Amino acid sequence: MIKKDLLGIKELTVEEINLILDTAAGFKDVLGRDIKKVPALRGRTAVNLFFEPSTRTRTSFELAAKRLSTDVINFSVPTSSVVKGESLIDTALTIQALGADFVIIRHSSSGVPHLLAKSLRASVINAGDGMNEHPTQALLDSFTIREKKGRIEGLTVAIVGDVCHSRVAKSNIYALTKLGARARLIGPPTLIPEEIVSLGVEVFHNIDEGLKAVDVIMVLRIQMERQGKGFFPSTEEYFKNWGLTSDRLSLAKDDAIVMHPGPMNRGVEIASDVADGPKSVILKQVTNGLAVRMAVLYLLAGVHE
């Protein structure tokens, strides 16, 4: 059993993480059947409340809910009362009054899901809040690693790129260290905050050193929309110094896998031949995200029964 809300990996125990991953494995089997829909959450309603652009996460949550026979409403911010000045709390309370059981929230401000969770009876799921966390992405990443490598404990995982602005990186650091993996952060000093070493990670500013003998390489998107100027001279310079190329991939273990949360900036953080190569599990991550989000919805619903 997990709590009413999924706000971040930081709040989860190892047992809760493993429960979600084990439950997701069962739902992945369901997704392999001819009839992929189950009646587990028939009569429930989920609302996608996205204040930032999203393709993978929003669509994945929508499909996950529908696979569980849950009704889904995609909330359109530009045509809502938010543009008239209605507060976020009042908007969420209105959605709850209309019968929402799940409020799936993405917002540019860190802490918004935690704020909503205090005001709502409905389960609040963090689909990304500012530069804080993106818990379901880390869960699907852990699920993918466990599926491909057979375990997480004892593995060395390199997280490469814009750690400073990445909620994905923070959630993955929490998940990987809790599950017994060693996390390495690789990137320019301007994109890796000094205080992050307190989370039990190693930091490398030289990518060739950082990639030696790693089991998993997790490439992060360079988040231009969250950055000002001055973090690195140019995208060309970034790719030259920190982009994942096939030569750099060869420094990792022979059976290493390559991951990316998407969307990718090809030729900036990752070369196309690596993204599309035999070691890439990027599309597997997308597929696994559906099973993981089904598991999250299913387990959260159990709190109310």
Side-chain angles (χ1 to χ4, degrees), residues 1-13 16-17 20 41 43-66 68 70-140 165-168 170-172 174-175 225-226 261 289 292-305:
M1 189 69 68
I2 62 175
K3 304 176 184 73
K4 177 179 83 73
D5 311 295
L6 177 62
L7 303 178
I9 301 298
K10 188 176 182 179
E11 291 87 355
L12 294 180
T13 65
E16 287 170 331
I17 293 171
I20 294 169
L41 297 185
R44 307 286 179 121
T45 301
V47 176
N48 277 329
L49 188 58
F50 277 56
F51 288 81
E52 285 188 319
S54 172
T55 298
R56 290 160 186 78
T57 304
R58 186 188 62 77
T59 305
S60 181
F61 267 115
E62 182 176 357
L63 283 172
K66 288 181 176 179
L68 293 166
T70 301
D71 295 322
V72 183
I73 298 169
N74 288 310
F75 183 87
S76 175
V77 174
T79 59
S80 73
S81 293
V82 171
V83 299
K84 299 178 182 179
E86 183 174 68
S87 74
L88 179 61
I89 294 293
D90 285 338
T91 297
L93 287 170
T94 299
I95 289 170
Q96 177 176 264
L98 291 170
D101 300 286
F102 307 99
V103 176
I104 302 158
I105 175 82
R106 170 170 288 192
H107 202 279
S108 59
S109 297
S110 299
V112 165
H114 301 73
L115 178 67
L116 289 186
K118 293 176 181 178
S119 302
L120 299 181
R121 295 186 310 277
S123 292
V124 175
I125 302 173
N126 182 359
D129 64 324
M131 295 186 289
N132 180 38
E133 279 214 53
H134 191 349
T136 57
Q137 181 66 48
L139 290 166
L140 73 89
H165 300 95
S166 177
R167 52 199 176 203
V168 171
K170 293 176 182 67
S171 286
N172 266 300
Y174 292 132
E225 74 278 10
R226 297 186 190 277
V292 165
R293 289 171 177 127
M294 287 175 72
V296 167
L297 291 166
Y298 178 78
L299 291 169
L300 288 178
V303 173
H304 306 294
E305 293 175 353

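Because the structure is a prediction, the values reported are computed rather than measured. Counting begins at 1 with the first residue of the sequence. The basis for the numbers below is simple: all heavy atoms, side chains too, and nothing from hydrogens, waters or symmetry mates.
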Pi-cation contact, Phe50 with Arg106 (under 6.0 Å, within 45°): no
Candidate pair Glu133 and Asn126, rule side chain to side chain donor-acceptor pair (under 3.5 Å), full reasoning: CA-CA 8 Å; Glu133 279 214 53; Asn126 182 359; over 6 Å; no
Strictly distance-based, threshold 3.5 Å: is any side-chain N or O of [X] a donor or acceptor partner for the main-chain N or O of [Y]?
X	Y	result
Ser110	Met131	yes
Asp129	Gly111	yes
Gln96	Ala122	yes
Thr45	Asp71	no
Lys4	Leu300	no

Non-neighbouring partners of Lys10 that pass salt bridge (charged side-chain N to carboxylate O under 4.0 Å, His left out), sequence neighbours left out: none
Working for side-chain contact (heavy atoms from CB on, under 4.5 Å), residues Thr136 and His134: CA-CA 6 Å; Thr136 57; His134 191 349; 3.7 Å; yes
Heavy-atom check, side chain of Phe51 versus side chain of Val112, under 4.5 Å: no
Side-chain touch Ile125/Leu297, heavy atoms, less than 4.5 angstrom: yes
Working for side-chain contact (heavy atoms from CB on, under 4.5 Å), residues Leu6 and Leu12: CA-CA 8 Å; Leu6 177 62; Leu12 294 180; 3.8 Å; yes
Distance in Å, Asp5 CG paired with Ile105 CD1, rounded so as to fall on 0.5 Å steps: 12.5 Å
